[in-house]
Amino acid sequence: MIGNPTNSANGPEHRDAMLQTLTLSLEDPHGTLLGLDPVLEREGYSHDEILSAFGCIDDLLVAIAERKAAYLITPLTGAQRIADLDLVRRVLTEFGTLAWREYSSSIIALVRLMMAEGARSPDLRKRVYDAGPASVALELRKFFSRAHGLGVLSVSDAHLAAEQLMGMLREPLYKALMLHPAGSTTAADAAEPVAASIDLVLNGCARGQA
Amino acid sequence: MFDRDDTPQIRAAWLRRRNSPGVDQKVVSAVPADLANSADENGSLVTLDPVEWIICFVPGLQAQWWHRFVFSKHKHVFAMRPTNTGSWILVEPWWSRMMVTVLPPADAVKFLRWGGTGDILRVREAVPGHASQVRGWSNCAVLTAFVLGRRSFTWTPHGLYLQLLREKDTSRESVETLLVEQFTKVVSQHSDSALAVSADQLSLPFRELLTIIGRNLLEAMMTPSLLEVCYTAVLEAERYPAATRIYAEHGPKRAIAVLSKILEQAVRDGHIELSDCDAGARQFLAMLHGDIHLQAILQIGDVPTPSEIDLRARTAVKLFLDGMTAGRATAPVNEGQ
């Protein structure tokens, strides 16, 4: 549950401003394996301020995950009519580019925070995962199902197709977490890998392939 | 190297026991004869080679009145030993009990980090040993000496530290070196097993071969012991980057390299057309990762059943090969042998 601040200094605007600042701060994932304290410290927030605005640290992380997910799924939820394959490609490219950039920066920090803070609070990882990555995957699955229902794609298992595309878009996250843990984590040019991943999925799901 | 579970040594110990059964030893009436007769020359039912222990001499975690009487960095001592599955055996004498437990790697790192604040030694135990039960006050130094089978007259961790350091086979260790050594061993074992392709399998249709490899990789990456090592590698990336790098080199990077070679061979054999096999290998591995690997690392969600793993491998191969084939818009691909 989100905290319910009463005074004006801790009102919804102040809470939103804090959320915005802390979400932006996660663009730099350094130090996040030590938990949230280094992030709060570099943004000048105290634990008391966080508790007052969000109720608890866990709720802050869940709120950040919800915010990130809402941002990522904008292209998917904004697509009113799935008329043809070109439109599907455009929507997925926009989504994939956003996802690639986020998986190159702030979501690295979020995953590390889930692991670091998860030791303190066992439910945290699941709550943040459900609010963030799971809700994004669900929206992508719905998009594939709609495209299938309208006859634009042939997706025999929308759940697995969504997972497989998400897996490919998460490449920078895996690189940062495991392959180059001590290296810099700048968002590489997303265009080529995102296009290649979407081509693979769309070609594999073209009508007549199933 | 930690050789406790190495197959050749287990085999040697087995042969030694079979070759020298203790038939001449006195049999106690209450014990079945087969057990009594299988005792080795040390009176043990099992013959084990001496193993190496990691002995951690540490400052106290919390202030105690008696700390002023002992060396600042060596107020306590405990023993650890890695297993082949990524976990560690911990033997820690307390005031009130002897804690003997098996720790997952992430928890073991906490103890190793504590060890890193003092000194860490690698010491081979003595079998049958020279320690004595009549030492009297059994504090952590005395009990650790006992674990190692050492005759010792010291009651302080620092005294034991100096004694062990005088032995020529004792070596100093760092936390990162220990993690690198263990990650290399555990991850290599899983990679070797997952990426092994038999001659029979190489002659299968390419789609079937890729499905087998995909299934093997998924099974390996979802193995609890490997997931625990992976979790630790990610969690400790800033403190011990060399250990995380080793995980990557022996795990995902090696998988990508082997997959890339298999795809290159398939291109040469005319089964597929792919301009960048390395990128293709990364895509295929990422499709296998899907969502379940991140969930598993984060310790949420259920472990997939073998049939789920099979389904995931087959759908990943189908999407990968169909996507490649349809993208070329040329004649159908020959995926035969």
Side-chain angles (χ1 to χ4, degrees), chain A residues 29-34 111-112 114-116 118-119 122-130 133-134 136-137 155-157 159-171 173-183 192-193 196-210, chain B residues 106-107 110 230-249 251-253 256 275-276 279-280 282-295 297-301 308 311-329:
Chain A
H30 290 102
T32 44
L33 280 171
L34 301 176
V111 170
R112 286 177 172 173
M114 285 163 78
M115 295 174 83
D123 293 338
L124 176 67
R125 285 190 285 244
K126 177 105 175 80
R127 286 186 63 204
V128 175
Y129 194 87
D130 286 346
V136 174
V155 188
S156 55
D157 190 328
H159 172 72
L160 283 180
E163 269 204 29
Q164 284 157 356
L165 179 57
M166 290 304 299
M168 287 189 277
L169 297 176
R170 278 184 190 151
E171 197 183 325
L173 174 68
Y174 272 91
K175 265 188 183 168
L177 292 180
M178 294 172 216
L179 302 186
H180 303 289
E192 196 181 323
S197 302
I198 289 167
D199 279 349
L200 194 67
V201 172
L202 292 187
N203 293 335
C205 294
R207 269 289 171 213
Q209 285 287 335
Chain B
D107 286 345
K110 291 180 190 171
C230 179
Y231 177 83
T232 310
V234 173
L235 196 61
E236 299 298 336
E238 287 189 5
R239 263 188 292 260
Y240 307 115
T244 310
R245 271 197 299 276
I246 281 292
Y247 171 84
E249 279 166 21
K253 280 186 179 175
I256 289 166
S275 57
D276 187 343
R282 281 188 277 112
Q283 278 182 322
F284 182 64
L285 188 64
M287 289 166 82
L288 292 173
H289 280 151
D291 219 20
I292 52 165
H293 191 234
L294 185 60
Q295 281 187 36
I297 294 172
L298 293 170
Q299 299 166 354
I300 51 180
E308 284 168 345
L311 177 67
R312 283 174 179 278
R314 286 187 185 283
T315 52
V317 169
K318 182 175 183 338
L319 195 64
F320 184 69
L321 293 182
D322 289 354
M324 217 185 301
T325 310
R328 283 189 298 121

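Each chain gets a letter, A, B and so on, in the order its sequence line appears, and its residues count up from 1.
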Parallel under 30°, tilted from 30 to 60°, perpendicular over 60°: which one fits the rings of Phe284(B) and Phe320(B)?
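Judged by the thresholds at 30° and 60°, the geometry between Phe284(B) and Phe320(B) is tilted.
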Count the heavy-atom pairs under 4.5 Å between each of Ile292(B), Ile300(B), Ile297(B) and chain A, then report the option with the highest count.
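Counting heavy-atom pairs under 4.5 Å, the top option is Ile300(B).
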Max heavy-atom pair count under 4.5 Å with chain A, selected residue of Gly251(B), Gly290(B), Cys230(B)
Gly290(B)
Flag the one option from Gly31(A), Ser197(A), Ala116(A), Ala161(A) with the top tally of heavy-atom pairs under 4.5 Å to chain B.
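Option with the greatest count: Gly31(A).
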I'd like to verify something: which residue of Met166(A), Arg170(A), Lys126(A) has the highest number of heavy-atom pairs under 4.5 Å with chain B?
Arg170(A)
Can you name the side chain to side chain contact (heavy atoms under 4.5 Å, CB included) partners of Ala106(B), sequence neighbours left out?
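Listed in chain order: Tyr231(B), Thr232(B).
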Does some side-chain heavy atom of Val234(B) sit less than 4.5 Å from a side-chain heavy atom of Met178(A)?
yes
Any side-chain heavy atom of Leu33(A) sitting closer than 4.5 Å to one from Arg239(B)?
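Side chain of Leu33(A) against side chain of Arg239(B), heavy atoms only: no contact under 4.5 Å found.
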Taking only residues two or more places apart in sequence, or in another chain, which ones meet Tyr129(A) in a ring-ring contact (aromatic ring centres under 6.0 Å, His included)?
none
Please flag which part of [X] lies under 4.5 Å from any non-hydrogen atom of chain B: side chain, backbone, both or neither.
X: Ala196(A); value: both
X: Leu173(A); value: side chain
X: Leu200(A); value: both
X: Leu34(A); value: side chain
X: Met114(A); value: side chain

Would Val317(B) and Met287(B) count as a side chain to side chain contact (heavy atoms under 4.5 Å, CB included) here? Give the steps.
CA-CA 9 Å; Val317(B) 169; Met287(B) 289 166 82; over 6 Å; no
Side chain from CB out, backbone as N, CA, C, O: work out which of these in Leu288(B) comes under 4.5 Å of a heavy atom of chain A, or both, or neither.
neither
Under a 4.0 Å threshold between the charged nitrogen and the carboxylate oxygen, would Asp123(A) count as salt-bridged to Arg127(A)?
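The answer is no: the pair does not qualify as a salt bridge.
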